Amino acid sequence: MRRLHFFFLIFLLAAFGWGCKKAANPSAQGDGGFQSDAYLPPSPPPETENQMHLRELREAIERFQDARSFRAKLAIETKDGRMTGQIDVTKPERFHGSLQVPSQNGFETSEVIGVEKMFYIRLPNGNWTYVKNQEKSQALTTAFRSAVDGEDSLLGTSIPDSNTVTKNKDSALACDRYTTILTDAEGERTELTICVANGLPKRIEIKPATGGATIDYFDYNKLFVIERPLGVRLD
C-alpha cells in the first residue's frame with residue numbers, strides 16, 4: 001500500500017449579503033454630507049454536489065487524523081489467503097495488535113506491541129522479545145500500522161479536487177458511504193470507500209486491482225494504556 005498524503009480543502013463562507021445602502025450622516029449634512037461604502041468580498045460560488053461530498057469526506061479524514069486513540073478490526077485479502085486481526089492505537093507512537101496469518105497448519109497468530117521506536121513480538125512459547133535491529137523494527141512498525149493509521153494508510157492519501165466522490169446511505173452500518181477512485185504514479189487504480197458515522201470513519205474498504213482490505217474503526221478517543229511487555233531483556 002503506497003504512502004501518500006492528505007491535504008485539507010478550506011471553503012470560505014460569506015457572512016454578509018450583497019450591497020450596502022449609502023447613508024448620509026445627518027450631523028455632516030452641513031459639511032457636504034460625508035458618505036462611505038463598506039467593501040464586502042464577493043460570495044464564493046455555491047458548491048456542487050460533488051464538491052460537497054469531497055469536502056465532507058476530507059473533513060471526516062481530518063477528524064480521524066486528529067483522534068488521540070482508536071481501535072480497528074481488519075481483514076486483508078492476499079494471494080496466500082485471508083488475514084484478520086485487531087489493533088489498538090494511541091498516538092503518537094503506541095500500538096498493540098494481533099494478526100492471524102494463513103500457514104501450512106491453518107493459521108498462526110502474531111501478537112505485537114510498538115512503543116515509540118521499540119517493536120516487540122510474542123514468541124510461540126508465550127515470551128516476548130524485541131527486534132534489536134532498529135531499521136527492521138521501524139519497518140515492521142510501519143508495515144503493521146499501514147492498514148489503519150492515518151499517516152501510513154490510504155487515509156493519508158491526497159484526493160485531487162477533480163475526483164468524483166459518490167455518497168450513499170448504508171442502513172446496515174448506519175453510516176454514509178463515500179466512494180472514490182485513487183490513481184497512483186504508476187497508473188494503478190484503487191477504489192476507496194469510507195463509511196462515515198458521527199463525523200468519523202466507521203469502516204473503510206480498499207479495493208486495488210488484486211487483494212483488498214476491510215477495516216472497522218471504533219472506540220475513538222477512549223482511554224486505554226499500551227505499555228512495553230514486562231520481563232523483556234534488552235541486551
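Numbering starts at 1 and runs along the sequence shown. Note that this is a predicted model, so its numbers are computed, not measured.
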Exercise for the section: Taking atom types as modelled, find out whether Asn163 and Thr180 have a side-chain donor-acceptor pair closer than 3.5 angstrom. Expected result: yes

Result block: side-chain N/O donor-acceptor pairs under 3.5 angstrom for residues 201-209, not counting sequence neighbours:
residue: Lys202; atom: NZ; partner: Leu173; partner atom: O; Å: 2.6
residue: Arg203; atom: NE; partner: Asp216; partner atom: OD1; Å: 2.5
residue: Arg203; atom: NH2; partner: Asp216; partner atom: OD1; Å: 3.3
residue: Arg203; atom: NH2; partner: Asp216; partner atom: OD2; Å: 3.3
residue: Glu205; atom: OE1; partner: Arg177; partner atom: NH2; Å: 3.4
residue: Glu205; atom: OE2; partner: Arg177; partner atom: NH1; Å: 3.2

Handout entry: Intermediate values then yes/no, side-chain contact (heavy atoms from CB on, under 4.5 Å), Thr179 and Glu191
Key = CA-CA 7 Å; Thr179 301; Glu191 181 180 287; 3.8 Å; yes

Completion exercise
Value for CG (Leu74) from OH (Tyr217), rounded to nearest 0.5 Å, stands at 8.5 Å

Problem - Approximate separation, where rounding is to 0.5 Å, of Glu116 CD and Met118 CE - result: 9.5 Å

Problem - Within-4.5 Å side-chain heavy-atom neighbours: Lys222 and Arg68 - result: no

Exercise for the section: Indicate yes or no: at least one non-hydrogen side-chain atom of Phe224 is less than 4.5 angstrom from one of Arg71. Expected result: yes

Completion exercise
In this structure, OG1 of Thr90 is separated from CD of Glu227 (nearest 0.5 Å) by 8.5 Å

Practice task
Could you grab the distance from atom OG1 of Thr84 to atom CD of Gln100, nearest 0.5 Å is fine?
Solution key: 4.5 Å

Exercise for the section: Any chance you could lay out the side-chain contact (heavy atoms from CB on, under 4.5 Å) test for Thr193 and Tyr178, step after step, and finish with the verdict? Expected result: CA-CA 5 Å; Thr193 297; Tyr178 297 85; over 6 Å; no

Exercise for the section: Tell me, yes or no, whether the heavy-atom count around Leu223 atom CG, taken from other residues, nucleotides or ligands under 6.0 Å, exceeds 12. Expected result: no

Practice task
Sorted by first residue and then second, give each disulfide bond (SG atoms under 2.5 Å apart) pair with at least one member in residues 170-221; sequence neighbours left out.
Solution key: Cys175-Cys195

Exercise for the section: Side-chain contact test, heavy atoms from C-beta onward, threshold under 4.5 Å: evaluate it for Tyr120 versus Val131 and give yes or no. Expected result: no

Exercise for the section: Specify the closest pair of heavy atoms between Ile113 and Pro229, including all atoms of both residues, with the distance to one decimal. Expected result: CD1-CD, 4.0 Å

Handout entry: Gap between atom CG of Leu192 and atom CG of Leu57 - 0.5 Å precision
Key = 7.0 Å

Practice task
Report the residue from Phe64, Phe218, Phe95 that forms a ring pair (Phe, Tyr, Trp, His ring centres under 6.0 Å) with Phe70.
Solution key: Phe64

Exercise for the section: Hey, could you give me each pair passing disulfide bond (SG atoms under 2.5 Å apart) that has a residue in residues 48-119? Not counting sequence neighbours. Expected result: none

Handout entry: Spacing of CE belonging to Met83 relative to CD1 belonging to Ile76, to within rounding of 0.5 Å
Key = 4.5 Å

Practice task
Answer whether the closest heavy-atom distance between the side chains of Ile194 and Ile61 falls below 4.5 Å.
Solution key: yes

Problem - side-chain contact (heavy atoms from CB on, under 4.5 Å) assessment of Thr129 paired with Asn127 - result: CA-CA 7 Å; Thr129 187; Asn127 295 328; over 6 Å; no

Exercise for the section: Please name the pair of heavy atoms, one in Lys91 and one in Ala67, separated by the smallest distance, quoted to 0.1 Å. Expected result: CD-O, 3.1 Å

Problem - Passing option when Arg55 is tested against Glu59, Arg58, Gln51, His53 for side chain to side chain contact (heavy atoms under 4.5 Å, CB included) - result: Glu59

Handout entry: Heavy-atom check, side chain of Asp176 versus side chain of Asp170, under 4.5 Å
Key = no

Practice task
Begin from the C-alpha positions of Glu111 and Trp128 and carry the test side-chain contact (heavy atoms from CB on, under 4.5 Å) through to its verdict.
Solution key: CA-CA 9 Å; Glu111 186 176 1; Trp128 286 89; 3.6 Å; yes

